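Counting convention: from 1, in listed order, for ligands and their atoms alike. Everything numeric here is computed off the predicted structure, so don't read it as measured data.
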Amino acid sequence: MVMALMTPPRLSADNLDTLNAAIGRPAYQRSKEAGIVHLGVGAFHRAHQAVYFDRLMAEGEAGWQIRGASLRSARVAEQLNPQSGLYTVVERDGPSTRLQVIGSLLDVLVAPDDPQALIDALAAPSVALVTLTITEKGYHLDPDTGELRLDDPAIAADLEHPARPATAPGFLVAGLAARRAAGLPPFTILSCDNLPDNGPRTRAAVLGFARQTDPDLADWIAAGVSFPASMVDRIVPATTPEDIEALEEMGGYRDAAMVKTEPFTQWVVEDQFCHRRPPLERVGVQMTNDVAAWERAKLRLLNGSHSALAYLGALGGYTYVHEAIADPVYAHFVEQLWDEVEPVIDAPEGFDAKAYRSALLARYANSALNHSLVQIAMDGSQKLPQRLLASLRAQREANRPIAATCLAIAAWMRWQFAVDENGEAFEVDDPMALVTAEALASAGPAAADKVDALLSIEGIFGRDLKADPVVVAALVEALSGLMSQGARASLQARSV
Ligand code: CS2
């Protein structure tokens, strides 16, 4: 009984008014009607887009409540729905913490439980915008051709049962079909994933699907739906049970859906909306027609170095980004990587690379975030092409140095061995883990054999890199160093 009395209340609309006055909360009337449907309500969405829409409504712009949908598990719905869609953004900067309760999410649908409910949500007349954070693998595109992979088992299943979809392209097309049938205008589809040309890619996925099921609908989509590209940036580590407890201590309430993040946030959106457009410039979003250059700079400088730190740092025995970057050997390597990447990024106008780089180092050093390297290492096969291989190709084209970039790529290769530097086995969390494991299993023991086997996976590396002897030699040298002396010593060898 005593325990029960001491359990702090769970955050919900009923107790929002009782929170400590220092905690920010929605400064607007929450509506029950959604203007947006969002697919993939992970921590990133909650700490990024949902915050912008929360601010927008606080600015007096009504009509931008978000109905979320999870395409896989019920976990986020179980966290958020009992809390009336409310959750806390815990902004941490070293010793200082800011708490803000966000009200822009209405609720979360669990698509596998009731696909029709999501199709109905997409077809609601109030919905003008659909946003996506479904991660790289959610698009099911062929990295070589950029077309939808029709032979992908999940896509093939959706094509067979288009009225009961499971994938994002399947749902988007089903939702658009329902709107067309009801005589409603289509919604804008805005990808917020870390992919270059995420707008055109989303368009390829949706049109590729619609063409198979209903060519007339495909024409209607091609003519009427806009797919703006966007660049998103905010570091959002996965929430841990300790984070939830720390918030409980601090705020006096329990929040199973909280997210933790850094103060920095950036969103660049292509100004191309086919339906009602949220005036996002009112809340600090950069509306532009040159998203591609921003996206390229961010993917190659931030995400490229993040992935490099993830593999090299975790192999070197570190757990978090701030720990690895506090080691001068790692910090020096990140600078070397940027020295190779920066001259060939083709930066957007007004981009100050020096300031960007030093801001990144400060963001990585934020010790209050506990951003796990293994979290960033996840899905490497989907991340490598745009984060590191695109830089490598540009560097080769310009005939510039590639050693640091190749060491980062070799560290990804070493990670695929699924055994750490102490000989302990670990699981590679990646949709292509089986493919890389099989390639390595049939390769010989030398670094050159392993590089050859992995470079032969065209779904990651294409055909060009394997045919470039300069690239192959640099990768073999880097991987042999990683195999013989380990990650940290490999970096140290470079810094003398
Ligand atoms: C990270 C990103 O997990 C990862 O792969 O590199 O999520 C990164 O934190 C964000 O893109 C920052 O905007």
| task | Identify the protein heavy atom lying closest to atom 2 (C) of ligand 1, giving its residue, its atom name and the separation to 0.1 Å. | result | N303 ND2, 3.6 Å

| query | What is the closest protein heavy atom to atom 1 (C) of ligand 1, and at what distance does it sit? | reply |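 The closest heavy atom on the protein side is H306 ND1, 3.4 Å.
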
Enumerated ligand 1 atoms positioned under 4.0 Å from heavy atoms of [X]:
X: K383; result: 3 (O), 4 (C), 5 (O)
X: D233; result: 12 (C), 13 (O)
X: N194; result: 11 (O)
X: H371; result: 9 (O)
X: K298; result: 10 (C), 11 (O), 12 (C), 13 (O)

| query | Quick one: does NZ or CZ of R363 land under 6.0 Å from the six-membered ring centre of F264, within 45 degrees of the ring axis? | reply | yes

Just by distance, no angles: are the side chains of [X] and [Y] close enough, under 3.5 Å, to form a donor-acceptor pair?
X: N194; Y: K298; result: yes
X: T135; Y: Q382; result: no
X: H38; Y: T131; result: yes

| request: Give the contacting part of Q382 toward ligand 1: side chain, backbone, both or neither, where contact means a heavy-atom distance below 4.0 Å. | output: neither

| What do you reckon, are the aromatic ring centroids of W412 and F461 less than 6.0 Å apart? | yes

| task | Measure centre to centre between the rings of Y364 and H371, then say whether the value is under 6.0 Å. | result | no

